[in-house]
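FYI, side chains are in, hydrogens and waters are out, and symmetry mates aren't considered; it's all heavy atoms of this structure. Counting convention: from 1, in listed order, for ligands and their atoms alike.
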Amino acid sequence: MNKLVVVESPAKAKTIQKYLGAGYEVKSSKGHIVDLPKSQLGIDVEHNYTPTYEVTKKQVLAELKKALKDKDGLVLAVDPDREGEAIGWHIARQLGYLDKDGQKVKKGKDLQRIVFTEITKQAIQAAVEKPRELDFNLIDAQQARRVLDRLVGYKLSPLLWKKIQYGLSAGRVQSVALKLVVDREREREAFKPEEYWSVVAYLSEQKHGKPKIGINLKPGKDETVEKPEIPTTLPAFKLVKYKGKKAELANQVQIDKIAKDLAGEHSWQVSDTTTKTQEKHPRSPFTTSLLQQAASGRLGFGATRTMKVAQQLYEAGHITYMRTDSLHMSDQAVKAIEAHVKKKYGAEYLPAKARQYANKSKVTQEAHEAIRPTQVDKDAKALGLEAEQAALYDLIRTRAVASLMASAKISVNKVSVDVNNTYVFQANGQNIIFPGYLRVYNERLLETDLPPYKQGQELFPTQIDLDQHFTEPPARYSEAALVKKLEELGIGRPSTYAPTIQTIISRKYVVKENKYLIPTDIGKVVTDLLSKYFADIVDAGFTAVMENQLDQVANGEVAWEKIIDDFYKPFEKKVIEKDKAIDRAEFTVLGKSTEKCPECGKPMIIKLGRFGKFLSCSDFPTCKGMLGLDAAGNVQAKLDEKPTEEFLAKYLPAPKTEDGRSYLLKRGRFGEFWAHPDYPKVKDAKPIELRPEIVEQLYGKAPTGEKGAVYTLRSGKFGLFWAHPDYPKVKKVIKAKLIEEQ
Ligand SMILES: [Zn+2]
């Protein structure tokens, strides 16, 4: 027996080779080896949405073919989810294992799919003994997602280029995520802070003279206010009731009255003491989204970084598969963790009845496990991990161990103090009686001791602080909070959370500031356009329904082509309609500027041009006054609507010299051209050519002349024009017009 085993990554290949030994050669495909074409839709919408895949890794494929030559079978050991299944399917097809429909294994060919959620000797050997066939439900679900996303992206993005700015993109899940961020920003902008006050008394058991009274206004942004030092040795009692009602104090007039009153002679008497024992239960082990949230909160990792490090840990065999929505742990893993807890902490650290965490996944073929260590006895140090991996590994390990441990027992004390039958102050204390899982997994829990007060005991105020506060607007989303929200809304999969956020950041729709996501002007404009004209696409409910349908495909309940068809037919119609209906002017005004028009002196407004922001006279089109803005938003002397470097890199890549240097964009008498980096010393210039597929989407098909001569788009003194292929020898040109202007 001699078989070729294919996995996605070189690191995983190395680990698996170690466990399989002789008779197997493990090779990596380095991810997908095929993809939809970049320059065209690649989906035959007339014929059942058949996708056309192009081989993107020719060399890898050649190596796999070569390795397969002397083998008598192919084993697909790709990751245990939809994407892994699809990668395996593409590999099998390219290696000639499947018939032309890609649905059946050719006779006489030995093709196996093996599945494991941890890369350990035991798990790999067990998987090899129980191979299965490729699961076409999972493959279909993955393919449906890819096709759906491609259709939405390719149909909507050009519309955004025409109506807003070149180079923008819309996407199915990404546009919903962006809308969440934009909506939150608008909530914050519309938020009106409300004033409220807190009253805190520090009470002593010893007799005391007049209390110090502090009325503390909230300091302004750049102010610091001297406050009396808080007497840390005395418990803080908070005013909870005033005149028989919940203490809700909203203005300073009221506060001044209370301050004056409390400064006087009163009897402060303990009116109630209660002590309760509360249990604090551990939380479940990690799913992908829970891991991303905890790693953000505790380690300050962004979602993408968390997934990168988790993948390294998985491929090295230290943790189970990191893309999962399951809370379940295998019986074996549960037993190992219980034994570990018993040995290290004692039997009392295990609950009387073992904890069970329900599996949330709706797709049975994806019955994964939660993310847990593969060898619970080994901490990061024992595994010799470097800092970043060690931090994430320990987080995963402690959380998995804690999830099966006994609850913590906490004694909670509450003491109420009555003043004059008018005020009720309350202090809370808590103490850990039994730490349980808290010994392993820390949670923020402040232990505060209260003295053993007696009912009716008299106490004496030493200091009373009255503090002004204002309600805060809802917080911006952090990456972790956005992942949590997306999961709550049922949008996306464990494999898509991190890439979705990465996309809206790299598209510059949002910027990350101190780990919070803030939408940019473009992000807001794109969301406004989509919300108004493609409400479905940015609607969380609609998107969740689509995700549900993808789950149904994965379960074999619906054919993938049907859900695409149900979506695409009305969507396509809408794109065509809206393309005509949307007025570009509606979405290009960003706001008012303080600048005055250089031509007529009227106020200017901030507008979005095709290549970026600029200022336009508010009297446009009567007055054509304009001012340019640079990337930082500063006014430039003269409008020079030039493509940004970013735009050029993407849509108009500069030609390169033989030694790899880029040509520079220069403006000459006859318009813009590419100049050799050593120009004018080296007299080499090239005309500007936009990529054909972009040209067609913006300017329509190139006109043809006599004998089928195809005109090309060129940039001239007066803008873009179609030039005869033999221009400038043959002086035939046609003015180029954007499709929307035609
Ligand atoms: Zn003007």
Query raised in the report: Do the rings of Phe567 and Phe571 sit parallel, tilted or perpendicular, given the 30° and 60° boundaries?
Result: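 The arrangement is parallel - the two ring planes meet at less than 30°.
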
Query raised in the report: Hey, is Glu83 close enough to Arg145 for a salt bridge, meaning N to O under 4.0 Å?
Result: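 Not counted as a salt bridge, because no side-chain N and carboxylate O are separated by less than 4.0 Å.
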
**Report entry** the Zn ion (ligand 1): protein N, O or S atoms that are less than 2.8 Å away, sorted by chain
**Finding:**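 You should have found Cys597 SG, Cys600 SG, Cys617 SG, Cys623 SG.
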
Query - Residues forming a salt bridge (Lys or Arg N to Asp or Glu O under 4.0 Å) with Glu513, sequence neighbours excluded - result: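 With neighbours one apart ignored, the set is empty.
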
Requested in this report: Return the set of residues passing salt bridge (Lys or Arg N to Asp or Glu O under 4.0 Å) with Glu586 (not counting sequence neighbours), or none when no residue passes.
Outcome: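 Salt bridge (Lys or Arg N to Asp or Glu O under 4.0 Å) list for Glu586, sorted by chain: Lys532.
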
Report task. Could you list the residues that satisfy side-chain contact (heavy atoms from CB on, under 4.5 Å) with Ala498, not counting sequence neighbours? Result ->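 Listed in chain order: Gln292, Ala303, Thr304, Met307.
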
Report task. For Lys179 and Asp539, run salt bridge (Lys or Arg N to Asp or Glu O under 4.0 Å): C-alpha distance rounded to whole Å, both residues' side-chain angles, the deciding distance at 0.1 Å, then the answer. Result -> CA-CA 9 Å; Lys179 184 168 191 289; Asp539 181 64; over 6 Å; no

